[in-house]
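Since the structure comes first, as structure tokens, the remarks are kept for the end.
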Amino acid sequence: MPHTIVDVLKAQLQSYTAAASTATVGHVIDVGDGIARVEGLSNVKSSEKVTFASGATGVALNLEEDTVGIMILNGATDVTEGEEVRGTGQVMSVPVGDALIGRVVNPLGEPIDGKGAIKATDIFPVERVAPGVITRESVKQPVQTGIKAIDALIPIGRGQRELIIGDRQTGKTAIAIDTIINQKNSGVICIYVAIGQKASKIARIVAELEKHGAMNHTIIVLASAADPAALSFLAPYAGCAMGEYFMSKGKDSLVVYDDLSKHAWAYRQVSLLLRRPPGREAYPGDIFYLHSRLLERAAKLNQDNGGGSLTALPIIETQAGDMSAYIPTNVISITDGQIILESDLFYQGQRPALNVGLSVSRVGSSAQRKAMKKVAGKLRLDMAQYRELAAFAQFGSDLDAATKQQLERGKRTAELLKQGIGQPMPMPEQVAVLYAVTQGYLDDVEVENVQNWEKNFLKSLRTGASDWIKAIDDKGELTPELGEQLKTALTTFKKS
């Protein structure tokens, strides 16, 4: 027996080959407030993931002459001076793919919903170069939000970047959530990125999405108010990478960044701790680039590149309606239009509290179906004239009949554009009610009864004209024949 053990050991020793492995190792010289300064990491890359001996992870952000400034992502309290730090050779990446759909994850792609591990097979870097101009095509397919005022007057297309901007508590998140709910059968995968939000608010949003069956096509990325600034800084890029995966597979995806004001605050905090020189409002000099490199990644790819799309809905919170502040003007200049929400309209009961005059979509009607384009053109003109006349009528008492009639129709149109939260409306139904108001079918209905009229009319339309609804949905066009059918349905309903 001893003889055999000796033989085995000899054989193992003869076959053993010593191989030297090299690793770049650094040491922490200074740590505090979630930032570590490390010396000795001579060949670390920008945005490379690093690991600390204590188990913490970080990202290399500042590459200086003798030291590296590292933003610690988790376990910051365990990092001590003199601790060993190793580069991983891998730039910061997150897991992507279908396995994340229906889950709530943190910006590192780790599940935080208590539903077990996520078995994702692919990873994407959080920072990627935006698709080039040759790989893109113009935006021409709509993202139906289900909100009448937006789909008719400020249409959003697949691949567009449309800013939602307004003071706090004016319904910015509500618009984004309604849009996600409305994508239920459209094949659009939605990613909702919550930056610096209260965990209780996100729990309510998850419950709302589950109630409408919308979590089946949604990923939620949460950097809560309790998380370090590093995670808030990383969150939108992680959400964007998850959306880019679906775009690269030829699918359509939608990312909501709620909100980029808090993202800018987080980046300002990290930058000041890294000793980067402050500029206007103490933001670092590259604050514009922070958001432009994120939002430029939204695109509609051409057929040669798979034909996928990534639509971005960034949200910005203003202070006392100040659109000319630093971050709002930056993001307005990057995006393809903005939906402006106002506190005054909100308190007057106009919800969504949309300022139709100032809100704009730079993609315009090219992202609308033909049926919607037909009714929306007249609606836009009516609303513009109504606003002008309403301002003028405050000073004039005796108005001619035509002006009075226009004012009355404007009041009914404004009333019809009101819509409750969590009640997105299908495109054919929107076309029907907007056609009714622009063609004068509501002129004899009292303003306070408009919403009731709408509810009853839609009920009769669903029961008596379901073929018409299907035809509009399939063709997307209000042909003369379908127009006559709608007129008949409206006349019959009015008689009843």
Side-chain angles (χ1 to χ4, degrees), residues 130-164 175-176 178-180 182-191 217 240 243-256 294-314 332-339 356 359-381 424-431 434-435 470-479 482:
V133 72
I134 304 301
T135 64
R136 297 175 184 241
E137 69 177 22
S138 58
V139 175
K140 57 179 185 291
Q141 229 182 328
V143 171
Q144 297 286 350
T145 64
I147 300 165
K148 288 170 286 193
I150 294 175
D151 287 346
L153 302 169
I154 317 149
I156 300 170
R158 295 186 185 186
Q160 192 178 344
R161 301 152 301 178
E162 183 78 11
L163 172 65
I164 302 171
I175 285 179
D178 278 0
T179 304
I180 291 173
N182 201 49
Q183 304 314 310
K184 197 169 177 181
N185 300 312
S186 66
V188 177
I189 307 292
C190 303
I191 298 106
H217 61 260
C240 189
E244 277 179 327
Y245 168 82
F246 296 107
M247 177 170 72
S248 70
K249 293 277 180 262
K251 296 179 183 175
D252 296 306
S253 54
L254 169 80
V255 191
V256 176
L294 170 71
L295 295 169
E296 279 298 320
R297 286 159 73 177
K300 172 79 177 102
L301 299 179
N302 58 29
Q303 289 307 315
D304 298 342
N305 290 278
S309 74
L310 175 65
T311 310
L313 292 183
I332 284 171
S333 66
I334 297 164
T335 48
D336 310 313
Q338 62 277 350
I339 293 167
V356 183
S359 300
V360 65
S361 168
R362 297 196 186 110
V363 169
S365 57
S366 55
Q368 276 178 320
R369 309 275 306 264
K370 283 180 181 172
M372 182 59 91
K373 206 184 290 189
K374 201 167 189 176
V375 294
K378 191 164 180 357
L379 181 75
R380 193 177 282 117
L381 196 65
M425 191 184 281
M427 188 273 290
E429 293 183 9
Q430 289 186 29
V431 169
L434 295 175
Y435 180 87
K470 192 177 182 315
I472 290 283
D473 216 3
D474 295 344
K475 292 181 182 174
E477 199 172 345
L478 191 63
T479 58
L482 289 170

Exercise for review: Kindly give the heavy-atom pair with the smallest separation between Leu301 and Met247, and that separation in Å.
Suggested key: CD1-CG, 3.7 Å
Check your understanding: Which residues pass the salt bridge (charged side-chain N to carboxylate O under 4.0 Å, His left out) test with Lys373, sequence neighbours left out?
Key -> none
Review point. Do Arg161 and Glu296 meet the salt-bridge criterion of a basic N to acidic O distance under 4.0 Å?
Key: yes
Exercise for review: Report yes if some heavy atom in the side chain of Pro142 is under 4.5 Å from a heavy atom in the side chain of Pro155; otherwise report no.
Suggested key: no
Study note, to complete from the structure: Between Ala367 and Gly157 the two heavy atoms that sit nearest each other are CB-CA, 3.6 Å
**Study point:** Separation between CD1 of Ile472 and OH of Tyr435, rounded to the nearest 0.5 Å
**Key:** 10.5 Å
Revision key, fill the gap. Heavy-atom closest pair (Gly159 atom, Thr311 atom, distance to 0.1 Å) is N-OG1, 2.9 Å
Review point. Quick one: are Ser361 and Gln368 in side-chain contact, heavy atoms under 4.5 Å?
Key: no
Revision key, fill the gap. From the list Leu254, Ile164, Val188, side-chain contact (heavy atoms from CB on, under 4.5 Å) with Thr179 holds only for Leu254
Review point. Can you check whether Arg369 reaches Gln144 side chain to side chain, under 4.5 Å on heavy atoms?
Key: yes
Check your understanding: Quick one: does His217's side chain have a donor or acceptor within less than 3.5 Å of a partner on Asn185's backbone?
Key -> no
Practice item. State which residues pass side chain to side chain contact (heavy atoms under 4.5 Å, CB included) with Lys378; sequence neighbours excluded, sorted by chain then number. Key: Asp382, Arg409, Thr438, Gln439
Point to revise | Nearest non-hydrogen partners of Ala176 and Val256, listed with the distance | key: CB-CG1, 3.6 Å
Practice item. Please name all residues satisfying side-chain hydrogen bond (donor to acceptor under 3.5 Å, both in side chains) with Ser309, sequence neighbours left out, ordered by chain then number. Key: Asp252
**Study point:** Partner set under side-chain hydrogen bond (donor to acceptor under 3.5 Å, both in side chains) for Lys140, not counting sequence neighbours
**Key:** Glu137
Review point. Less than 4.5 Å apart, any side-chain heavy atom of Leu310 and any of Glu244?
Key: yes
Check your understanding: Residues two or more places apart in sequence or in another chain: which of them pass side chain to side chain contact (heavy atoms under 4.5 Å, CB included) with Ala152?
Key -> Met372, Ala376, Leu379, Leu434
Review point. Which residues pass the salt bridge (charged side-chain N to carboxylate O under 4.0 Å, His left out) test with Asp474, sequence neighbours left out?
Key: Lys470
Review point. Would a distance-only check, ignoring hydrogens and angles, find a side-chain to backbone donor-acceptor pair under 3.5 Å from Lys374 to Leu478?
Key: yes
Exercise for review: Report the residues that fulfil ring-ring contact (aromatic ring centres under 6.0 Å, His included) with Tyr245, sequence neighbours left out, ordered by chain and then residue number.
Suggested key: Phe124
Exercise for review: To the nearest 0.5 angstrom, please state how far the CD1 atom of Ile339 sits from the CG atom of Leu313.
Suggested key: 7.0 Å
Check your understanding: Are the side chains of Val143 and Gln183 in touch, meaning some heavy atoms are under 4.5 Å apart?
Key -> yes
Practice item. Decide yes or no for Val363 and Ile156: does some side-chain heavy atom of the first lie under 4.5 Å from some side-chain heavy atom of the second? Key: no
Exercise for review: Indicate yes or no: at least one non-hydrogen side-chain atom of Pro131 is less than 4.5 angstrom from one of Asn305.
Suggested key: no
Point to revise | Worked verdict on Leu153 versus Ser359 for side-chain contact (heavy atoms from CB on, under 4.5 Å) | key: CA-CA 9 Å; Leu153 302 169; Ser359 300; over 6 Å; no
Study note, to complete from the structure: Heavy-atom closest pair (Met427 atom, Gly476 atom, distance to 0.1 Å) is CE-CA, 4.4 Å
Exercise for review: Please name all residues satisfying side-chain hydrogen bond (donor to acceptor under 3.5 Å, both in side chains) with Asp151, sequence neighbours left out, ordered by chain then number.
Suggested key: Thr145, Gln430
Point to revise | salt bridge (charged side-chain N to carboxylate O under 4.0 Å, His left out) partners of Glu162, counting only residues at least two apart | key: none
Review point. Of all residues at least two apart in sequence or in a different chain, which pass the side chain to side chain contact (heavy atoms under 4.5 Å, CB included) check with Ser138?
Key: none
Exercise for review: Just jot down the side-chain hydrogen bond (donor to acceptor under 3.5 Å, both in side chains) partners of Lys148, sequence neighbours excluded, or say none.
Suggested key: Glu454
Study note, to complete from the structure: Residues passing the side chain to side chain contact (heavy atoms under 4.5 Å, CB included) test with Ile332, sequence neighbours excluded, are Leu163, Ile165, Gln338, Arg362
Review point. Closest heavy-atom contact between Ile134 and Asn302?
Key: O-ND2, 3.0 Å
Check your understanding: Do Pro426 and Asp473 have side-chain heavy atoms sitting under 4.5 Å apart?
Key -> no
Point to revise | Spatial distance of atom OG (Ser366) from atom CD (Gln141) [nearest 0.5 Å] | key: 12.0 Å
